[in-house]
Structures are given as structure tokens and as C-alpha cells.
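Accompanying notes for the structure given below.
Index from 1, following the sequence. Side chains are part of it too, since the values below use all heavy atoms of this structure and drop only hydrogens, waters and symmetry mates.
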Amino acid sequence: MLNPLAPDRRLALLVTLGSWIVVLTVGDLVAGTKTAGPFDIALTHGLRAVVGNPTPLGKWAVTAPTVPTRILGAFSNPIGVYAVILALVVF
């Protein structure tokens with residue numbers, strides 16, 4: 001009888017390889033492009049609807065961050081991102 005909590009290494013390997021293929025394919029499709037594609041435009045419009053449009057007020061000043069921008073900023077903190085990547089690699 002199989003233990004449902006035991007990891008299936010073959011499945012993990014297939015998912016990993018599939019992920020790499022997707023990343024390489026998408027990277028190859030968008031490499032060198034200088035304009036945003038339809039997905040990027042839709043994502044930008046969606047984020048602007050949630051976060052607002054932080055337009056510069058002057059040369060150095062920008063609008064004050066809103067709660068959604070602070071939350072998004074917390075998830076994009078490089079230390080946190082690298083900690084998650086390291087934890088996944090160790091796991």
C-alpha cells in the first residue's frame with residue numbers, strides 16, 4: 001500500500017521539467033520584445049484598478065503608497081523572495 005504522504009519523485013521530476021519547459025518557451029517567445037503583449041496589458045490594467053495609478057507629482061515625488069501597494073510591496077521584498085526560494089530548494 002502506498003503512503004499518501006510520501007513524495008512521488010517521478011511526479012516531482014515531471015512537474016519540474018514541465019515548469020522549466022514552460023519558462024524557457026515563454027522566455028524565448030518574449031525575448032527581445034520592446035512592447036507589452038495582451039497579457040501584460042491586461043495585468044497592468046487590473047493592477048491599476050486595484051492599486052491606482054501612481055503617477056509622479058514632480059521630479060522626485062510620487063503619490064503616497066496605498067494599502068494594496070504596501071501589501072504588494074511586502075510580497076516582493078527581495079529578502080522574503082530569496083528566503084522562499086532557498087526554503088523550496090532545501091525542501
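Side-chain heavy atoms closer than 4.5 Å link hydrophobic residues (I, L, V, M, F, W, Y) into clusters, and following such links, possibly through other members, connects Phe75 to Val67.
Rounded to the nearest 0.5 angstrom, Tyr82 OH and Asn77 CG are separated by 10.5 Å. From Phe39, atom CZ reaches atom OG1 of Thr44 across 9.5 Å, with rounding to the nearest 0.5 Å. Between Ser76 atom OG and Ile71 atom CD1 the span is 12.0 Å, to the nearest 0.5 Å. Separation of atoms CD1 (Ile21) and CG (Leu24) is listed at 8.0 Å; rounding is to 0.5 Å.
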Would you give me the side-chain donor-acceptor pairs under 3.5 Å for residues 29-36, sequence neighbours excluded?
| from | atom 1 | to | atom 2 | distance (Å) |
| --- | --- | --- | --- | --- |
| Thr33 | OG1 | Val30 | O | 2.8 |

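In the displayed structure, Leu13 atom CG is contacted under 6.0 Å by more than 12 heavy atoms of other residues, nucleotides or ligands.
The side chain to side chain contact (heavy atoms under 4.5 Å, CB included) with His45 is formed by just one residue from the set Ile41, Leu43, Leu47; it is Ile41.
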